[in-house]
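So that the names make sense, note that chain A is the first sequence line, chain B the second, and so on, each numbered from 1.
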There are 2 protein chains.
Amino acid sequence: MTSAEILLSQNIRPSLARVLIYDYLRKHRTHPTVDEIFTALSPRAPTLSKTTVYNTVKLLSSKGVIKMITIEDQQSRFDACTDNHGHFLCSGCGKVYDFDVEFPSAKIPEGFEVLTKDIYFTGKCNKCN
Amino acid sequence: MTSAEILLSQNIRPSLARVLIYDYLRKHRTHPTVDEIFTALSPRAPTLSKTTVYNTVKLLSSKGVIKMITIEDQQSRFDACTDNHGHFLCSGCGKVYDFDVEFPSAKIPEGFEVLTKDIYFTGKCNKCN
DNA sequence: CTTTGTGCAAATTCTTTGCACCAAA
DNA sequence: TTTGGTGCAAAGAATTTGCACAAAG
């Protein structure tokens, strides 16, 4: 499926900027920040603004098309892969790695509704260790 | 154990401000933000500054005495309980609840060293549902 | 005395908002 | 021709930094 088709299927109008940003996230599984997305796409799309990147990632994550990663305190990262998997932040190089993990079924109190689940590990990656 | 004793055992000098802040976190398991800690303690400690709260939570979490919670994108929260447990953020009222959960053992690649683990759920609590 | 902690104000960084213009249905 | 998208500049909020003073060993 193309990025435009996926957006359409979620009732998101596939504007040029949205497809560009979503496409970038699908092809670059580096969990980029808004700034990294903006910097990467700027050369190809000189009129793109950081506001549009903010607008777009906010829209896409509210629709569940992408996932916001808050593993760091300073800035948010984004991931086009919404399947359940863990995120590992290396405190040495700052890279965020994916890892496979079985999401535990916790005994949440009666009346609570769980909508999102995240598993975050931090430590040192093989290059920084 | 008193808060001062715990701080001392981790080679942290138990200054008045540090004990006050750590004590507050131990007694209030509400996962407060820096601002909430500062506002709560200000009446009792009129000379306390927000900078000192920032300095202290940074120091204590770097030493592993408290845990930083980055479940929200806007601001960090802090928890004096460092035992493994999950955090649930209600998108309705903004409250962060603790819950029991067995932390899964993920197959992290060779050479990776895991130092911290966090499990974050979001959704609606029983009052907001 | 010498190191460490505190606190004010300013600076920095990330994110949001207001508003005008542009593009698409 | 009306709604929705984009982008600039300004505002806002959380956090950090520089520096001077205070306190503790």
Side-chain angles (χ1 to χ4, degrees), chain A residues 3-4 7-8 10-24 31-63 65-78 89 91 94 96, chain B residues 3-4 7-8 10-24 31-63 65-78 89 91 94 96:
Chain A
S3 296
L7 296 183
L8 263 176
Q10 302 299 316
N11 297 312
I12 300 165
R13 289 234 221 106
S15 72
L16 228 56
R18 287 171 183 169
V19 171
L20 191 69
I21 291 163
Y22 182 47
D23 229 55
Y24 180 81
H31 320 93
T33 63
V34 162
D35 198 71
E36 285 164 356
I37 298 169
F38 173 75
T39 303
L41 295 178
S42 268
R44 263 177 281 169
T47 72
L48 183 68
S49 73
K50 217 176 262 192
T51 303
T52 296
V53 181
Y54 273 109
N55 287 337
T56 302
V57 294
K58 190 179 189 175
L59 175 72
L60 298 190
S61 40
S62 78
K63 298 275 187 176
V65 174
I66 65 174
K67 209 158 179 12
M68 181 188 294
I69 301 166
T70 61
I71 197 168
E72 280 171 298
D73 48 338
Q74 319 102 310
Q75 79 236 64
S76 300
R77 299 183 166 275
F78 298 91
L89 169 68
S91 59
V96 174
Chain B
S3 296
L7 295 184
L8 262 176
Q10 301 299 316
N11 297 313
I12 300 165
R13 289 236 221 105
S15 73
L16 228 54
R18 287 171 184 170
V19 171
L20 191 70
I21 291 163
Y22 182 47
D23 228 55
Y24 180 81
H31 319 93
T33 63
V34 163
D35 198 71
E36 286 164 354
I37 297 169
F38 174 75
T39 303
L41 296 178
S42 267
R44 263 178 282 168
T47 71
L48 183 68
S49 73
K50 216 176 263 191
T51 303
T52 296
V53 180
Y54 273 107
N55 287 338
T56 302
V57 294
K58 190 177 188 176
L59 175 72
L60 298 190
S61 40
S62 79
K63 297 275 187 174
V65 174
I66 65 175
K67 210 159 178 8
M68 181 188 294
I69 302 167
T70 61
I71 197 169
E72 281 172 295
D73 48 338
Q74 318 104 309
Q75 79 234 63
S76 300
R77 299 183 166 274
F78 298 90
L89 170 69
S91 59
V96 173

task: Would you kindly give the CZ-to-C1' distance between Arg13(A) and dA23(C), to the nearest whole Å?
output: 10 Å
task: Could you tell me whether Leu48(B) contacts a base, only the sugar-phosphate backbone, or nothing, with contacts defined as non-hydrogen atoms closer than 4.0 Å?
output: sugar-phosphate
Nucleotide nearest Thr51(B) (side chain, heavy atoms from C-beta), chosen from dT15(D), dC8(C), dT15(C): dC8(C)
message: Please determine whether a side-chain nitrogen or oxygen atom of Arg18(A) lies at a distance below 4.0 Å from atom OP1 or OP2 of dG5(D).
response: yes
field: Pairwise side-chain contact, Val34(B) with Lys50(B), heavy-atom cut-off 4.5 Å (strictly under)
entry: yes
- prompt: Between Asn55(B) and Asp73(B), which has a closest nucleotide on DNA chain C that is more 5'?
  reply: Asn55(B)
query: How would you label the contact of Thr47(A) with the nucleic acid (heavy atoms, under 4.0 Å): base, sugar-phosphate, or nothing?
result: sugar-phosphate
- prompt: Between Ser76(A) and dT15(C), is there a side-chain N or O to OP1/OP2 distance below 4.0 Å?
  reply: yes
message: dG7(C), OP1 or OP2 - any side-chain N/O from Thr52(B) closer than 4.0 Å?
response: yes
query: Counting side-chain heavy atoms from C-beta on, which of dT6(C), dC8(D), dT15(D) comes nearest to Ser49(A)?
result: dC8(D)
query: Hey, are the side chains of Arg77(A) and Val96(A) touching, using non-hydrogen atoms and a 4.5 Å cut-off?
result: yes
query: Separation of Gln74(A) atom CD from dA13(D) atom C1', in whole Å?
result: 16 Å
query: Does Tyr54(B) place a side-chain N or O at less than 4.0 Å from the phosphate oxygens OP1/OP2 of dT15(D)?
result: yes
query: Any side-chain heavy atom of Phe78(A) sitting closer than 4.5 Å to one from His31(A)?
result: no
- prompt: Base, sugar-phosphate alone, or nothing: which one does Ser15(B) contact when heavy atoms must sit under 4.0 Å apart?
  reply: sugar-phosphate
message: Under 4.0 Å, heavy atoms only, any strand: does Thr33(B) hit a base, just the sugar-phosphate, or nothing?
response: nothing
- prompt: Can you list the steps and then say if Val65(A) with Leu59(A) is a side-chain contact (heavy atoms from CB on, under 4.5 Å)?
  reply: CA-CA 9 Å; Val65(A) 174; Leu59(A) 175 72; over 6 Å; no
- prompt: In terms of side-chain heavy atoms of Gln75(A), which of dT15(D), dA9(C), dC14(C) is nearest?
  reply: dC14(C)
- request: Would you check if Leu7(B) and Arg18(B) make a side-chain contact, meaning some heavy-atom pair closer than 4.5 Å?
  value: yes
task: Could you tell me the separation between the CD atom of Glu36(A) and the P atom of dT13(C), rounded to a whole number of Å?
output: 15 Å
